[in-house]
Amino acid sequence: MYRSGTVMAWNVFKFCTALRGLGSIMILLVLGVVGVSYYAVVITTYGPQLAAGGLDLLIAFLVLVVFHCLLVMLLWSYFSVVFTDPGSVPPNWRPEMDEERADAVPLTGSEFPVDSDNGAVRFCRKCNQFKPPRCHHCSVCGRCILKMDHHCVWVVNCVGALNYKYFLLFLFYTFLETFVVTLSLLPQFIAFFGDGEIPGTPGTLATTFLAFVLNLAFALSVMGFLIMHISLVTANTTTIEAYEKKTTPKWRYDLGRKRNFEQVFGTDKRYWFIPAYTEEDLRRIPALQGLEYPSKPDLDTQEF
């Protein structure tokens, strides 16, 4: 029963291969939504209010400052996910237990199972190489990804050990930005259904209406996705692992919420909300490199 569930899970993930041909079109779609929102908020609605004076000037200034700050962080996080390698297995990487006997015992893929739940060496027959802990093969990228979470068509990249934090920040700033845009365009949206005359051309009114609907839809959908990933971070697991270990009562990598958070975001609070790490965190926290992960000693034989 467990095996059949695993096959179903992988079939879901392999569905992404049908979207491989979209490529950079998804990036253009994201930029298109950003452009529509920018036009509706800055060019059409609040930009002209800067010349109005009084309370309208203050409100417009605050909206535009918040909008642009969040937009910068959103795009910074987004392109960090797009252009950062999620983490690949280094060439000729071998588990420590095998490095000690490498001269005496030749290692071949046929000697080891593809995956194991009892601590045995893991080997990928597709890549013909050993797999570090928490590593999975991505059928879209065609290689093994360190601490793979999923392949995301929106960023045209895998989400793994080296860019998972950037992906979470992208979700976080996307939710904040779309929420701000939705809230700032709400008065104009309500006015569409009123009896009064609305200033603007049909084109600007249609763009404002579209921007409101798109941002509301994105805010609601991203909020659910963000809540799900927050729960994964607090349990120190990934989307794939969460499915595979659903029948396991204890998880070897769950070190407590604080340490689990640091395994993704680092220990320096100044860097928690930007897509970057300090050199000290990269040196002190092996999990940020994607090859080694601290675990509970009593559960060291548990592996996925």
Side-chain angles (χ1 to χ4, degrees), residues 9 12-13 15-16 18-19 22 25-46 59 62-82 149-159 163-194 198 204-235 237-240 242-243 261 264-265 272-273 275:
V12 171
F13 286 109
F15 177 73
C16 293
L19 301 176
L22 292 179
I25 295 179
M26 300 304 293
I27 298 178
L28 295 178
L29 181 58
V30 172
L31 295 179
V33 174
V34 171
V36 170
S37 302
Y38 193 91
Y39 181 82
V41 174
V42 179
I43 306 299
T44 302
T45 306
Y46 289 94
I59 294 176
L62 292 177
V63 169
L64 292 176
V65 168
V66 173
F67 176 87
H68 283 92
C69 288
L70 291 177
L71 180 60
V72 169
M73 297 307 300
L74 186 159
L75 293 177
W76 184 10
S77 301
Y78 178 71
F79 286 108
S80 294
V81 183
V82 172
D149 186 88
H150 69 289
H151 184 91
C152 181
V153 295
W154 286 98
V155 301
V156 200
N157 197 5
C158 264
V159 177
N163 64 354
Y164 185 49
K165 172 187 175 181
Y166 309 158
F167 177 74
L168 294 176
L169 290 177
F170 166 59
L171 293 181
F172 176 68
Y173 288 117
T174 297
F175 170 71
L176 292 181
E177 178 79 331
T178 53
F179 177 77
V180 168
V181 173
T182 301
L183 193 63
S184 62
L185 295 180
L186 182 60
Q188 286 73 20
F189 181 78
I190 295 176
F192 278 109
F193 303 97
I198 307 175
T204 58
L205 295 178
T207 303
T208 301
F209 186 90
L210 177 63
F212 177 87
V213 173
L214 285 176
N215 280 273
L216 177 61
F218 271 94
L220 294 176
S221 59
V222 170
M223 179 178 65
F225 205 43
L226 182 61
I227 292 174
M228 182 193 79
H229 277 281
I230 290 175
S231 67
L232 293 178
V233 171
T234 57
T237 186
T238 65
T239 301
I240 295 176
Y243 184 89
F261 180 86
V264 176
F265 286 86
W272 281 356
F273 295 99

Worksheet item: Is the backbone of A40 close enough, under 3.5 Å, to the side chain of T207 for a donor and an acceptor to pair up by distance?
Response: no

Item to complete: Please round to the nearest 0.5 Å and tell me the distance separating atom OG1 of T204 and atom CD1 of I43.
Response: 12.0 Å

Worksheet entry | Heavy-atom side-chain contact between F265 and L168 under 4.5 Å | yes

Worksheet item: Pick from I27, V156, N163: which one makes a side-chain contact (heavy atoms from CB on, under 4.5 Å) with V82?
Response: I27

Worksheet item: Could you give the distance from CD1 (I227) to CZ (F175), rounded to the nearest 0.5 Å?
Response: 8.0 Å

Discussion item. What I'd like to find out is whether the side chain of F170 reaches to under 4.5 Å of the side chain of L74, using heavy atoms alone.
Written reply: yes

Response to the item:
Here the pair of heavy atoms bringing V264 nearest to K165 is O-CB, 3.6 Å

Worksheet entry | Y38 side chain vs L71 backbone, donor-acceptor pair below 3.5 Å | no

Fill in: Whether F193 and F189 hold their rings parallel, tilted or perpendicular, with breakpoints at 30° and 60°
perpendicular

Worksheet item: Say you draw a straight line from OG1 of T237 to CG of L232; how long is it, rounded to the nearest 0.5 Å?
Response: 6.0 Å

Practice prompt. Determine, using ring centers only, whether F273 and Y173 are less than 6.0 Å apart.
Written response: no

Practice prompt. First locate atom OG1 of T182, then atom CD of E177, and finally report the distance between them rounded to the nearest 0.5 Å.
Written response: 10.0 Å

Worksheet item: Between Q188 and T208, what is the shortest heavy-atom contact and its length?
Response: CB-CG2, 4.0 Å

Response to the item:
Scanning both residues in full, the closest heavy-atom pair of F167 with V81 reads N-CG2, 3.3 Å

Fill in: Whether over 12 other heavy atoms sit under 6.0 Å from F179 CZ
no

Worksheet entry | Ring centers of H150, Y164 separated by less than 6.0 Å | no

Worksheet item: Passes side-chain contact (heavy atoms from CB on, under 4.5 Å), V222 versus T178? Steps please.
Response: CA-CA 9 Å; V222 170; T178 53; 5.6 Å; no

Worksheet item: Say you draw a straight line from CG of L29 to CG of L31; how long is it, rounded to the nearest 0.5 Å?
Response: 9.0 Å

Item to complete: Please check if atom CZ in F225 has more than 12 non-hydrogen atoms from other residues, nucleotides or ligands closer than 6.0 Å.
Response: yes

Worksheet, complete the sentence: Heavy atoms of P275 and L169 approach each other most closely as N-CD1, 3.6 Å

Item to complete: Measure the shortest side-chain to side-chain distance between S184 and F67 over non-hydrogen atoms and say whether it is less than 4.5 angstrom.
Response: no

Discussion item. Nearest 0.5 angstrom please: N215 CG to L220 CG, how far?
Written reply: 11.0 Å

